[in-house]
Asker: 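Quick one: the structure is below, and I'll ask about it shortly.
Every number for a ligand or one of its atoms is a count from 1 in the order of the listing.
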Amino acid sequence: MRRAVVLGGSIAGLLAARVLSGHAEEVLVVERDDIAASGAFGGARDPRPGVPQGTQMHALLEAGRRLLDNWFPGFTAELVAGGATSADTGRGVHSYLEGRRRVLVGGVEMVSATRPFLEAHLRRRVLALDNVRLVNGRVCGLRYAGGRVDGVRYARPDADADADPGSGSAPGSGAEDVLDSDLTVDATGRASRLGTWLREGGWPEPALRRMHVDLGYATALFRRPEGGHDAMLAQSLTTLPDGRLRLSTLGRVEGDRWIALTAGYADDRPGRGTEEFLLRCKQDPAAAFRRLAEDAEPIGEPVGYRHPDNRRRDFHLLDRFPAGLVAAGDSLASFNPVYGQGMSSAAMHAACLAAYLDTRPSPRDPAWPYFKRTRRVVDDAWQTSALNDLKLPHVTGPRPPGFTLASRLGDLVVRASVTDPVVHRRFLDVMHMLAPARTLMRPGTLLRAAAAVRRQGA
Ligand SMILES: Cc1cc2nc3c(=O)[nH]c(=O)nc-3n(C[C@H](O)[C@H](O)[C@H](O)COP(=O)(O)OP(=O)(O)OC[C@H]3O[C@@H](n4cnc5c(N)ncnc54)[C@H](O)[C@@H]3O)c2cc1C
């Protein structure tokens, strides 16, 4: 390919750019935020408007971490050198269910850093690639020719600036420019307008599937006295009397700070203010959160975030689609964030793109093989998230066939993972996206889980 254009310069876009750099002479990443504006890391380390969830706690699961280390050797070590935490589940990650700490099992690593810090490091590594370049502008549509996408329409922040190299229009000729593109990757996130852009070109829109979960997050930063904290990362899941789940998470991040989050559904969504935040920490049955409320000093006010729904766009169900176009990251599917699957999913979509491009596909054919691969990734993450979300009393169906049995067996495995190290490890493999969710339904795992739960009862 002569040129590939990536729409959106966040995690999914940057990872797609990394993969494309091995297949195209030039890769342009079009991002509406001016992220190259300042700083040694190619942009500020503060949350930015285009990624509003950047204010919230983000942890990187093992599947994503391994892929990042593969594409950018030493990436985890670099984050840690900058002050982030990478903790092994056998030592530094404590997971609580209803206040009981799960038995520790090692071999899975989890990274805790603020989201802007992680993204800034990734951006620096991607933009260090010779043939990848950032273009500041807002994508407003696609150009079609002969059954394919052959260009990207975008508005530059300053329409009168000099013409962008490779752009189709002259300096100062208006607000919109066009970038020629042999392959376009939509990575503009969960609010992607790709459906509208397809419709404008006379193509069908993918169906948007939504599951309303009405989740509320609040994230706060803290300073803590040195010593006395036995976990670098802690998570606690509690069931409220009416069946709703409440999640608390805590992690050490760069700048000698701790980041903590409290999340709840519907009218249990966290409100504003430090006082309420600390109260929720004190109410948590896991000691790690009570200790945080006692010994830590808040830095600023907590920041809230609302996640109304999980959503996915089923491109694989379309009967027509233009060649030269794919979608990745949240634009394909955005899950309940409590499972932390988003960045690892984006990395797995990039791996699907790499595998697809390695087959040397014809530029005249739609990328169905890519969507077939990503469908498996999306289905699996969706199953983990949706199966649990559908158990929530306020989440309405439709519940898939076999839901009641699957959900009971799932509960059995989750309960067993508190005390049985083998079941816990298999559970971790699924939660960290290293193994498909169905592996937990294997007879061997279920029998072992049943025995472990019987022993707990005894
Ligand atoms: C509250 C919350 C907590 C989360 N916690 C975790 C976690 O712990 N672990 C985890 O792995 N994931 C987590 N996620 C998910 C994670 O944030 C995303 O999955 C991840 O950022 C990948 O997103 P993306 O790159 O596809 O889209 P985004 O990060 O949303 O980025 C989209 C990019 O496209 C740009 N853009 C949009 N429109 C245009 C346009 N028209 N023109 C040009 N640029 C455009 C935006 O400015 C932005 O840079 C969480 C999400 C939420 C909401």
Side-chain angles (χ1 to χ4, degrees), residues 5-17 28-35 43 47-65 67-68 110-116 118-119 122-123 134-142 152-157 179 185-194 196-197 213 215-219 233 235 247 249 251 253 259 261-263 269-270 303-311 313 327-350 378 381 385 431-433:
V5 179
V6 179
L7 321 183
S10 178
I11 305 291
L14 291 170
L15 292 173
L28 301 182
V29 179
V30 188
E31 169 55 50
R32 64 183 170 189
D33 283 349
D34 188 9
I35 47 183
R48 57 189 178 86
V51 182
Q53 76 271 28
T55 53
Q56 301 300 310
M57 175 160 187
H58 274 62
L60 179 63
L61 303 180
E62 177 70 329
R65 194 193 69 77
L67 284 167
L68 263 75
M110 210 167 174
V111 175
S112 170
T114 65
R115 164 61 203 251
L118 198 151
E119 191 187 304
L122 183 59
R123 186 161 61 237
L134 203 55
V135 175
N136 184 204
R138 183 178 50 81
V139 176
C140 26
L142 302 173
V152 173
R153 293 165 33 221
Y154 79 107
R156 282 186 287 162
L179 295 166
V185 179
D186 175 42
T188 53
R190 58 186 258 120
S192 164
R193 299 193 60 236
L194 182 57
T196 307
W197 299 336
V213 292
L215 172 71
Y217 256 51
T219 290
L233 265 155
Q235 292 168 320
L247 177 82
T249 307
V253 295
I259 196 165
L261 115 83
T262 171
R269 292 193 313 269
V303 182
Y305 187 91
R306 194 156 177 192
H307 174 88
D309 56 21
N310 310 333
R311 49 178 82 163
R313 292 181 175 84
D330 283 13
S331 157
L332 259 185
S334 140
F335 312 98
N336 184 332
V338 303
Y339 302 103
Q341 297 165 314
M343 297 189 293
S344 293
S345 288
M348 289 163 89
H349 301 162
V378 172
S385 163
M431 297 317 283
H432 282 259
M433 304 180 80

Asker: Measuring from atom 12 (N) of ligand 1, which candidate in H349, M433, M343 has the nearest non-hydrogen atom?
Answerer: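 Answer by nearest heavy atom: M343.
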
Asker: Compare all side-chain heavy atoms of Y305 with those of Q53 and state whether any distance is below 4.5 angstrom.
Answerer: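 The answer is yes; the side chains approach within 4.5 Å.
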
Asker: Below 3.5 angstrom, do we get any N/O pair linking E31 and ligand 1?
Answerer: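 Yes.
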
Asker: Are the charged groups of E31 and R123 less than 4.0 angstrom apart, N to O?
Answerer: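 So E31 does not pair with R123 through a salt bridge.
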
Asker: Which atoms of ligand 1 sit under 4.0 Å from any heavy atom of G329?
Answerer: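 In order of numbering, the contacting atoms are 26 (O).
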
Asker: Is any side-chain heavy atom of V213 closer than 4.5 Å to one of H307?
Answerer: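 Sidechains of V213 and H307: in contact.
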
Asker: Before signing off on this row, confirm whether Y305 and ligand 1 have an N or O atom pair separated by under 3.5 Å.
Answerer: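 Between Y305 and ligand 1, no N or O pair is found under 3.5 Å apart.
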
Asker: What pair of heavy atoms forms the shortest contact from G9 to I35, and how long is it?
Answerer: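 Where G9 meets I35 most closely, the heavy atoms are O-CD1, 4.0 Å.
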
Asker: With the threshold set at under 4.0 angstrom, would you say R193 reaches ligand 1 through any of its heavy atoms?
Answerer: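 The answer is no, since R193 has no heavy atom less than 4.0 Å from ligand 1.
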
Asker: With atoms numbered from 1 as shown, which atoms in ligand 1 lie under 4.0 angstrom from a non-hydrogen atom of D330?
Answerer: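 Listed by number with element: 18 (C), 19 (O), 22 (C), 23 (O), 26 (O).
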
Asker: Nearest protein heavy atom to atom 20 (C) of ligand 1, by residue and atom, and its distance?
Answerer: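 Heavy-atom neighbour on the protein nearest atom 20 (C) of ligand 1: R115 NH1, 3.5 Å.
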
Asker: Identify, for atom 39 (C) of ligand 1, the protein heavy atom at the shortest distance, and state residue, atom and that distance.
Answerer: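 The answer is T188 CG2, 3.6 Å.
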
Asker: Please indicate whether any nitrogen or oxygen in L60 is less than 3.5 Å from any nitrogen or oxygen in ligand 1.
Answerer: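 The answer is no, given that L60 and ligand 1 share no N or O pair closer than 3.5 Å.
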
Asker: Is it the case that the side chain of Y154 and the backbone of V135 share a donor-acceptor pair, with hydrogens and angles ignored and the cut-off at 3.5 Å?
Answerer: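 Here the side-chain-to-backbone pair does not exist.
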
Asker: For atom 5 (N) of ligand 1, which of M57, M110, R190 has the closest heavy atom?
Answerer: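 The residue whose heavy atom sits nearest atom 5 (N) of ligand 1 is M57.
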
Asker: Does ligand 1 have any atom that is closer than 4.0 Å to a heavy atom of E119?
Answerer: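 No.
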
Asker: On a heavy-atom basis, I'd like to know which of Y217, W197, Y154, F335 is closest to atom 1 (C) of ligand 1.
Answerer: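 It is Y217 whose heavy atom sits nearest to atom 1 (C) of ligand 1.
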
Asker: Donor-acceptor pairs are to be reported for all side-chain atoms of residues 339-348 against protein atoms at under 3.5 Å, with residues two or more places apart or in another chain.
Answerer:
from : atom 1 : to   : atom 2 : distance (Å)
Q341 : NE2    : A381 : O      : 3.3
S344 : OG     : G64  : N      : 3.1
S345 : OG     : Q341 : O      : 3.0

Asker: Quick one: does A12 get an N or O within less than 3.5 Å of an N or O on ligand 1?
Answerer: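 Such a contact does occur with ligand 1.
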
Asker: Is there any N or O on H307 that sits under 3.5 Å from an N or O of ligand 1?
Answerer: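 It does not: no N or O of H307 is found under 3.5 Å from an N or O of ligand 1.
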
Asker: Which atoms from ligand 1 have a heavy atom of G340 less than 4.0 Å away?
Answerer: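 This gives 7 (C), 8 (O), 9 (N), 10 (C), 11 (O) as the contact atoms.
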
Asker: Any heavy-atom pair between the side chains of L142 and L194 that's under 4.5 Å?
Answerer: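 Yes, at least one pair of side-chain atoms sits under 4.5 Å.
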
Asker: For atom 3 (C) of ligand 1, what is the nearest protein heavy atom, given as residue, atom name and distance?
Answerer: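 I find the closest protein heavy atom is P337 CB, 3.4 Å.
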
Asker: Using side-chain hydrogen bond (donor to acceptor under 3.5 Å, both in side chains) as the criterion, list what pairs up with D330, not counting sequence neighbours.
Answerer: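 Result, side-chain hydrogen bond (donor to acceptor under 3.5 Å, both in side chains) vs D330: none returned.
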
Asker: Looking at side-chain heavy atoms only, is the closest gap between L332 and R313 below 4.5 Å?
Answerer: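 The answer is no, as the side chains (C-beta and beyond) never meet within the 4.5 Å cut-off.
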
Asker: Starting from atom 44 (N) of ligand 1, what is the nearest protein heavy atom, named by residue and atom, and what distance separates them?
Answerer: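 The protein heavy atom lying closest is R32 N, 3.2 Å.
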
Asker: Mind checking whether V152 and V139 have side chains closer than 4.5 Å, heavy atoms only?
Answerer: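 Side chain of V152 against side chain of V139, heavy atoms only: contact under 4.5 Å found.
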
Asker: Heavy atom under 4.0 Å from ligand 1: found in C140's side chain, backbone, both, or neither?
Answerer: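 For C140, there is no contact with ligand 1 at all, from either part.
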
Asker: Number the atoms of ligand 1 from 1 as they appear, then name those within less than 4.0 Å of a heavy atom of A187, with their elements.
Answerer: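 Answer, ordered by atom number: 32 (C), 33 (C), 34 (O).
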
Asker: So which heavy atom in the protein is nearest atom 29 (O) of ligand 1, and how far is it from that ligand atom?
Answerer: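 Checked against all protein heavy atoms, atom 29 (O) of ligand 1 sits closest to S10 OG, 2.6 Å.
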
Asker: Using heavy atoms and a 4.0 Å limit, tell me yes or no: is V30 in contact with ligand 1?
Answerer: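 V30: in contact with ligand 1 (<4.0 Å).
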
Asker: Could an N or O of ligand 1 be found under 3.5 Å from any N or O of S331, whether backbone or side chain?
Answerer: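 Looking only at distances, the answer is no, because the N/O contact criterion of under 3.5 Å is not met.
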
Asker: Roughly how far apart are E119 CD and L122 CG, rounded to 0.5 Å?
Answerer: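 Going from CD on E119 over to CG on L122, the span is 7.5 Å.
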
Asker: Compute the shortest N/O to N/O distance between Q56 and ligand 1 and return yes if it is under 3.5 Å, no if not.
Answerer: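 N/O-N/O distance below 3.5 Å does not exist for this pair.
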
Asker: Would you say the side chain of I259 lies within less than 4.5 Å of the side chain of L261, judging by non-hydrogen atoms?
Answerer: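 Result no, sub-4.5 Å side-chain heavy-atom pair not found.
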
Asker: Using a 4.0 Å cut-off to any heavy atom of R138, which atoms of ligand 1 qualify?
Answerer: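 In order of numbering, the contacting atoms are 41 (N), 42 (N).
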
Asker: Can you pull out the closest protein heavy atom to atom 16 (C) of ligand 1? Residue, atom name and distance to 0.1 Å, please.
Answerer: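 The closest one turns out to be H58 NE2, 3.5 Å.
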
Asker: For atom 40 (C) of ligand 1, what's the nearest protein heavy atom and its distance?
Answerer: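 The protein heavy atom lying closest is V139 N, 3.7 Å.
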
Asker: Decide yes or no for D309 and R190: does some side-chain heavy atom of the first lie under 4.5 Å from some side-chain heavy atom of the second?
Answerer: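 Counting from C-beta outward, D309 and R190 do come under 4.5 Å.
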
Asker: Could you check whether any side-chain N or O of N336 sits under 3.5 Å from a backbone N or O of V338, counting only pairs where one atom can act as donor and the other as acceptor?
Answerer: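 A pair under 3.5 Å: yes.
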
Asker: Do S10 and R115 have side-chain atoms, one donor and one acceptor, less than 3.5 Å apart?
Answerer: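 The criterion, which ignores hydrogens and geometry beyond distance, is satisfied for R115 and S10.
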
Asker: In the protein, what heavy atom is nearest to atom 15 (C) of ligand 1, and what distance, to one decimal place, separates them?
Answerer: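 The closest heavy atom on the protein side is G342 CA, 3.8 Å.
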
Asker: For ligand 1, is G137 a contact, meaning one of its heavy atoms is under 4.0 Å away?
Answerer: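 Flag set, G137 near ligand 1.
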
Asker: V51 to ligand 1: N or O pair under 3.5 Å?
Answerer: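 By distance alone, the answer is no.
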
Asker: When you compare ligand 1 with A59, is there at least one nitrogen or oxygen pair between them that comes in under 3.5 angstrom?
Answerer: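 For ligand 1, there is an N or O atom that lies under 3.5 Å from one belonging to A59.
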
Asker: In the structure I gave you, are the side-chain heavy atoms of T219 and V303 within less than 4.5 Å of one another anywhere?
Answerer: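 Not touching, per the 4.5 Å side-chain cut-off.
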
Asker: Under 3.5 Å between any N/O of Q341 and any N/O of ligand 1: does that happen in this structure?
Answerer: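 N/O-N/O distance below 3.5 Å does not exist for this pair.
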
Asker: With a 4.0 Å cut-off on heavy atoms, is R48 in contact with ligand 1?
Answerer: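 A heavy atom of R48 does come that close to ligand 1.
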
